[in-house]
*Asks:* 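Sharing a structure below in C-alpha cells format, with a few things to ask.
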Amino acid sequence: LTRKNKSMRQLFTHSALAFSLLLLISSCQKSDVIRDERSLDGTWLVTGIRSDRAYDFDGDGRTETDIYSNYNNCDRDIVIVFNRDGYGRMQQGCDAYWENISWRLSNNNPQLDIQLPNDDLNLAISQFDDYTIRGVDQVIIDGRSFQITYTLQRQ
C-alpha cells in the first residue's frame, strides 16, 4: 500500500494506527520534541485519531473528523509496544493477534515512521514527552488530502 493511495477502508479499520500529514513544526525546537529513542521504549495506547477535514470515514453516510470516537469499544483497544531495537508489535481489537512492526525515530526532522504489516504511518511529531506522543500523518483518499492526527499515551 502506498502512502499516496490508501483506501478509506484501510484508513478506518487498520489505521487506528494502521489509519492516517504534513505538520509544520516551526515553533518547536528539536530539544522540546524528541530526546532520544530510549524515551519511546515501552507500551503505548492510541487514545485519539482525528482528521483536519470532515469525511465519511466509517461509511455510514455521515461525515466526521473524530475518527477514533466512531470505533466500537474493541476497535479502540489499540496497543503498540516499541522495543529499543527498532522493532515492536501492535494489537488492535479485543481478541486481535499481535502483529510485528518496525519503527524509526528521526530527531533532525521530528518524525516517527512505523511500518505495519499492511500499511505504514509517517508521523510528523508535534508533541513527544514521557507520557504523550502526538503526530500527524498525511493520507490521500479519493484524491483528497487529509491530515490525520494520532495521539498515543504511555501505558
Side-chain angles (χ1 to χ4, degrees), residues 1 3 6-25 27-53 55 57-58 60 64-139 141 146-155:
L1 179 68
R3 299 288 324 137
K6 285 186 181 179
S7 73
M8 179 186 63
R9 178 173 169 80
Q10 285 172 320
L11 178 66
F12 189 74
T13 60
H14 195 232
S15 202
L17 226 301
F19 314 128
S20 319
L21 230 134
L22 189 58
L23 178 67
L24 297 176
I25 309 176
S27 63
C28 295
Q29 295 179 6
K30 180 169 63 171
S31 62
D32 294 337
V33 180
I34 299 174
R35 290 186 307 282
D36 62 44
E37 291 183 1
R38 290 178 301 222
S39 63
L40 183 64
D41 291 356
T43 302
W44 296 80
L45 304 176
V46 174
T47 59
I49 305 171
R50 296 191 63 89
S51 173
D52 66 327
R53 296 173 37 194
Y55 185 81
F57 290 99
D58 60 1
D60 68 356
E64 60 270 335
T65 57
D66 187 351
I67 299 167
Y68 186 78
S69 71
N70 285 301
Y71 291 156
N72 65 40
N73 286 337
C74 275
D75 287 340
R76 286 184 194 167
D77 185 16
I78 307 164
V79 181
I80 304 171
V81 177
F82 295 105
N83 299 327
R84 284 189 185 187
D85 60 3
Y87 294 95
R89 57 194 176 128
M90 179 191 149
Q91 180 184 47
Q92 177 184 352
C94 296
D95 298 319
Y97 293 101
W98 285 95
E99 297 181 280
N100 292 324
I101 65 168
S102 60
W103 61 270
R104 185 175 63 83
L105 184 63
S106 170
N107 285 323
N108 296 340
N109 182 13
Q111 179 90 15
L112 174 60
D113 298 315
I114 305 170
Q115 287 73 46
L116 306 162
N118 297 313
D119 197 0
D120 54 301
L121 289 174
N122 304 104
L123 300 177
I125 302 297
S126 60
Q127 180 181 358
F128 190 157
D129 57 43
D130 290 336
Y131 305 103
T132 304
I133 298 171
R134 184 167 288 117
V136 182
D137 187 26
Q138 183 166 334
V139 298
I141 304 169
F146 295 86
Q147 295 184 22
I148 308 298
T149 301
Y150 291 85
T151 303
L152 289 73
Q153 299 289 311
R154 188 179 295 275
Q155 183 177 20

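Nothing fancy with the numbering, it's 1 onward along the sequence.
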*Asks:* Over all heavy atoms of both residues, which pair between Q92 and I78 is shortest? Give the atoms and the distance, please.
*Replies:* CG-CG1, 3.6 Å
*Asks:* Using every non-hydrogen atom in the two residues, find where W103 and N83 come nearest and quote the distance to one decimal.
*Replies:* CZ2-O, 2.9 Å
*Asks:* What is the distance from atom OG of S106 to atom CD1 of I125, rounded to the nearest 0.5 Å?
*Replies:* 10.0 Å
*Asks:* How far does CD1 of I133 sit from CG of L112, to the nearest 0.5 angstrom?
*Replies:* 6.0 Å
*Asks:* Counting only N and O atoms by type, is there a donor-acceptor contact under 3.5 Å from the side chain of Y68 to the main-chain atoms of R76?
*Replies:* yes
*Asks:* So do the side chains of Y55 and I141 get within less than 4.5 Å of each other, counting heavy atoms only?
*Replies:* yes
*Asks:* Compare every heavy atom of W44 with every heavy atom of D130, then report the nearest pair and how far apart it is.
*Replies:* O-CH2, 4.0 Å
*Asks:* Please name the pair of heavy atoms, one in I148 and one in S51, separated by the smallest distance, quoted to 0.1 Å.
*Replies:* CD1-CB, 3.7 Å
*Asks:* Can you name the nearest heavy-atom pair linking I101 to R89, along with the distance?
*Replies:* CG1-N, 3.5 Å
*Asks:* Hey, could you give me the CG/CG distance between L105 and L40, rounded to the nearest 0.5 Å?
*Replies:* 6.0 Å
*Asks:* Just how far is it from atom CG of L116 to atom CG of N118, taken to the nearest 0.5 Å?
*Replies:* 8.5 Å
*Asks:* What distance separates S69 OG from I49 CD1, expressed to the nearest 0.5 Å?
*Replies:* 10.0 Å
*Asks:* Do D77 side-chain atoms and N73 backbone N/O form a donor-acceptor pair below 3.5 Å?
*Replies:* no
*Asks:* Are F128 and P110 close enough that some pair of their side-chain heavy atoms sits under 4.5 Å apart?
*Replies:* no
*Asks:* List the residues meeting salt bridge (Lys or Arg N to Asp or Glu O under 4.0 Å) with D85, not counting sequence neighbours, and say none if there are none.
*Replies:* none
*Asks:* With sequence neighbours excluded, what pairs up with D113 under the side-chain contact (heavy atoms from CB on, under 4.5 Å) test?
*Replies:* R104, Q111, Q115, N122
*Asks:* I'd like to know if the side chain of R134 and the backbone of S126 have a donor-acceptor N/O pair within less than 3.5 Å.
*Replies:* no
*Asks:* Can you tell me how far apart CG (L45) and CD (Q155) are? Round to the nearest 0.5 Å.
*Replies:* 4.5 Å
*Asks:* Is there a side-chain contact between W98 and V81 in this structure, where contact means two heavy atoms from C-beta onward sitting under 4.5 Å apart?
*Replies:* yes
*Asks:* Going by side-chain contact (heavy atoms from CB on, under 4.5 Å), name the residues that satisfy it together with T65, two or more places apart in sequence or in a different chain.
*Replies:* R50, A54
*Asks:* Would you indicate whether D60, at its atom CG, is surrounded by more than 12 heavy atoms from other residues, nucleotides or ligands within a distance under 6.0 Å?
*Replies:* yes
*Asks:* What are the two closest heavy atoms between E99 and P117, and how far apart are they?
*Replies:* OE2-CG, 3.3 Å
